[in-house]
**Student:** 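My questions all concern the structure below.
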Amino acid sequence: MRTLIDAERLQARISDMALEIDSYYRGQDWYRMTQEPVVVIGVLAGAMFFMADLVRKLSIRTKLDFTRMSTYSGKATTVQQPKIICPPASRLHDAHILLIDDILDTGRTIGVLRTHLAWPYPEDVKTAVLLRKSDKVPYDVKADFIGFDIPDEWVVGYGLDYNGLYRELPYVAVWSGDESGQDQSKS
Ligand code: IMP
Ligand code: MG
């Protein structure tokens, strides 16, 4: 496994992203006038570490919630639309939402969630992703806040998995194992 982004670079960039996100919301009239918390919704399980680190660096008021989607198995890219298995628990009718995911790959996950969460006020759903496979993302799916652009390789660590493995690594690495889940670079 080859380290792509080490823990120090992750934290430095996440601190910058928190400043960008703070300044975006502090610049919004509704936030200045109401101080209403932003509902931060993390996509489980991949976004768990990114969300945990990001929200602790934000100075705006937040409420935290989660959603769970049907996922890829291993690194196979599904052709079907991902489905929402567990929707957020909060009342979202007139909430200002910040959606958090680990990676923007084909854009299907963010696309589905945006469509679901955007009703009835689409302008109030913003998205933050740690990583973006910039060669692959279709032009019509965009994230508002992006940590790093990465090449189109399978990455693990810092929440990202291969068949549920390696989420706990404190850095992002390029997966170099075979289909059995064995890491070739360690043998
Ligand atoms: P999308 O719907 O194709 O944009 O994919 C987003 C989801 O696929 C992410 O939330 C991840 O769970 C998963 N995913 C995509 N690429 C990778 C990767 O390189 N490593 C681990 N998970 C990935
Ligand atoms: Mg995911």
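Numbers here simply count residues along the sequence, with the first being 1. Just so it is clear, the values below take in all heavy atoms, side chains as well, and ignore hydrogens, waters and symmetry mates. First listed ligand is number 1; within each ligand, the first listed atom is number 1.
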**Student:** Is the W175 ring parallel, tilted or perpendicular to the Y166 ring (thresholds 30°, 60°)?
**Tutor:**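 The arrangement is tilted - the two ring planes meet at 30° to 60°.
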**Student:** Under 4.0 Å from a heavy atom of R108: which atoms of ligand 1 are those, numbered in the order shown and with their elements?
**Tutor:**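 Going through ligand 1 atom by atom, the ones under 4.0 Å from R108 are 1 (P), 2 (O), 4 (O).
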**Student:** Only heavy atoms of K133, strictly under 4.0 Å: list the atoms of ligand 1 that pass.
**Tutor:**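 Result: 16 (N), 17 (C), 18 (C), 19 (O).
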**Student:** Report the C-alpha distance between D53 and Y158 in whole Å, list the side-chain angles of each, state the deciding distance to 0.1 Å, and finish with yes or no for side-chain contact (heavy atoms from CB on, under 4.5 Å).
**Tutor:** CA-CA 11 Å; D53 286 339; Y158 201 66; 2.4 Å; yes
**Student:** Should the pair E36-K63 be classified as a salt bridge under the 4.0 Å nitrogen-to-oxygen rule?
**Tutor:**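 Looking at E36 and K63, the cut-off is not met.
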**Student:** The criterion is side chain to side chain donor-acceptor pair (under 3.5 Å); which residues satisfy it with R9, sequence neighbours excluded?
**Tutor:**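 Once residues adjacent in sequence are excluded, R9 has no partner under the side chain to side chain donor-acceptor pair (under 3.5 Å) criterion.
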**Student:** So does L165 get a backbone contact from the side chain of N163, meaning a donor-acceptor N/O pair under 3.5 Å?
**Tutor:**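 No, because the side chain of N163 does not come within donor-acceptor range (under 3.5 Å) of the backbone of L165.
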**Student:** What pair of heavy atoms forms the shortest contact from I100 to M51, and how long is it?
**Tutor:**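 What the structure gives for the nearest pair is CG2-CB, 4.1 Å.
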**Student:** So for M69, does at least one of its heavy atoms come nearer than 4.0 angstrom to any atom of ligand 1?
**Tutor:**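 So M69 does not count as touching ligand 1.
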**Student:** Answer with yes or no whether G46 contacts ligand 1, where contact means a heavy atom under 4.0 Å from a ligand atom.
**Tutor:**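 Distance cut 4.0 Å: G46 fails for ligand 1.
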**Student:** Charged N to carboxylate O below 4.0 Å: is that the case for D144 and R114?
**Tutor:**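 Salt bridge flag = yes for R114 with D144.
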**Student:** Any link between L19 and F145 through a network of hydrophobic side chains (Ile, Leu, Val, Met, Phe, Trp, Tyr) touching at under 4.5 Å?
**Tutor:**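 Not linked; separate clusters.
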**Student:** Atoms of ligand 1 less than 4.0 Å from E153 heavy atoms?
**Tutor:**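 That gives atoms 19 (O) of ligand 1.
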**Student:** What about L104: any of its N or O atoms under 3.5 Å from an N or O on ligand 1?
**Tutor:**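 Checking ligand 1 against L104, no N or O pair falls under 3.5 Å apart.
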**Student:** Going by the closest heavy atom to atom 20 (N) of ligand 1, which one wins out of V155, T106, V43?
**Tutor:**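 Minimum heavy-atom distance to atom 20 (N) of ligand 1 goes to V155.
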**Student:** Which ligand 1 atoms are under 4.0 Å away from a heavy-atom of G107?
**Tutor:**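 Checking each atom against G107, I get 1 (P), 3 (O), 4 (O).
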**Student:** In ligand 1, which numbered atoms sit nearer than 4.0 Å to a non-hydrogen atom of D101?
**Tutor:**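 By the 4.0 Å cutoff, the relevant atoms are 10 (O).
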**Student:** With a 4.0 Å cut-off on heavy atoms, is D161 in contact with ligand 1?
**Tutor:**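 Judged by the 4.0 Å heavy-atom criterion, D161 does count as contacting ligand 1.
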**Student:** Do any nitrogen or oxygen atoms of L160 come within less than 3.5 Å of a nitrogen or oxygen of ligand 1?
**Tutor:**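 L160 vs ligand 1: no N/O contact under 3.5 Å.
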**Student:** Report the part of D102 (side chain from C-beta onward, or backbone N, CA, C, O) that has a heavy atom under 4.0 Å from ligand 1; answer both or neither where that applies.
**Tutor:**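 For D102, the contact with ligand 1 is made by the side chain alone.
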